[in-house]
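Let me begin by presenting the structure, written as structure tokens, before commenting on it.
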2 protein chains.
Amino acid sequence: MESPLLDATFAALSDPTRRAILARLALGEATVSELMQPFALSQPTISKHLKVLEYAGLIEGGRDAQRRPRRLRAEAMKDAADWIERFRDQWDRRFDNLDRHLATIKKET
Amino acid sequence: MESPLLDATFAALSDPTRRAILARLALGEATVSELMQPFALSQPTISKHLKVLEYAGLIEGGRDAQRRPRRLRAEAMKDAADWIERFRDQWDRRFDNLDRHLATIKKET
DNA sequence: CATCTATATAGCCATATGGCTATGGAATCA
DNA sequence: TGATTCCATAGCCATATGGCTATATAGATG
């Protein structure tokens, strides 16, 4: 039931800067300087965001000389998507049941 | 690009208690006392969680005498699901491109 | 070696979050 | 009316979060 990683994933997704970073990384690997570029934020602030994303398992880092290029890890994202999907299934079934129930009532009258 | 509601939705989903409450509400309307029942948490704490969920647009409240039954609103959840899905599309396309690229390279050798 | 580039880390600050207790208010019920 | 039930609100506390500046470290380069 409980899932600290899922907690961390949703929390990571709750910030617009981090979502933008993920969107950028969906296009391919990028260095910190590159990721920093679109934002009016300091470099340490970006590094902090990257740490949050890494903690959530959403990205991982490599190394290329002084650079620490980040790339996506899609699995954590999938866990989040799965939770919502399972939720939606349950929700949909509920309406199916309601539909059947209403149909039954209609039949009975 | 920015979306305060999406921020709020993901933030709301990042807490296990709130996800459990949503799962319960997927089964149908429930009062605060009913929602409280599975948890070792005080009533005001549950009310606070409900407020967070309501702020995120994930639930809404009705009234029945002293009771304040809550029910789901699926739309906000859908926004979150949509964001992830659009993300995944982009991500998948990237691999498609990579596949094509590799195929091209292979052809050329 | 000296320096420059790329990034991380430390530490500060203000605000948000998640828990609690205490209290208040509205309906119901005796 | 008075007590009880259901819930909200206020206020406190500890910790987390998101921003910053200043500084440290690692690798490249003159």
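First the proteins, then the strands, lettered A, B, ... as listed; each starts at 1.
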Side-chain N or O of [X] less than 4.0 angstrom from OP1 or OP2 on [N]?
X	N	value
B:Ser42	C:dC20	yes
B:Arg63	D:dA8	no
B:Ser47	D:dA8	yes
B:Arg18	C:dG18	yes
B:His49	C:dG19	yes

Self-check item: From B:Ile84 atom CD1 to B:Trp91 atom CH2, the distance as rounded to the nearest 0.5 Å
Solution: 14.5 Å
Whole angstroms only, please: what is the [atom1]-[atom2] distance between [X] and [N]?
X	N	atom1	atom2	answer
B:Glu2	D:dG18	CD	C1'	14 Å
A:Gln37	C:dA6	CD	C1'	15 Å
A:Gln43	C:dT5	CD	P	14 Å
B:Leu41	C:dG18	CG	P	12 Å
A:Gln66	C:dT3	CD	P	18 Å
A:Arg67	D:dG27	CZ	C1'	9 Å
B:Lys51	D:dG11	NZ	C1'	13 Å
B:Phe10	C:dT17	CZ	P	16 Å

Self-check item: Toward the 5' end of DNA chain D, by each residue's nearest nucleotide, A:Arg68 or A:Thr45
Solution: A:Thr45
Quiz item: So, does B:Arg73 use its side chain to make a donor-acceptor pair with the main chain of B:Gly57 at under 3.5 Å?
Solution: yes
Quiz item: Is a side-chain donor or acceptor of A:Arg88 paired with a backbone partner of B:Ala74 at a separation under 3.5 angstrom?
Solution: no
Quiz item: Base, sugar-phosphate, or nothing: which does B:Ala40 touch, judged by heavy atoms less than 4.0 Å apart?
Solution: sugar-phosphate
Quiz item: So does B:Phe39 have more than 12 non-hydrogen atoms from other groups sitting under 6.0 Å from CZ?
Solution: yes
Quiz item: Considering only C:dG11, D:dA28, D:dA8, which nucleotide approaches the side chain of A:Lys48 most closely?
Solution: C:dG11
Practice problem: Look at the side chain of A:Pro44 and decide which nucleotide, out of D:dA8, C:dT5, C:dA10, has an atom nearest to it. | Solution: C:dA10
Practice problem: Applying salt bridge (Lys or Arg N to Asp or Glu O under 4.0 Å) between B:Glu29 and each of B:Arg67, B:Arg63, B:Arg71, report the one that passes. | Solution: B:Arg71
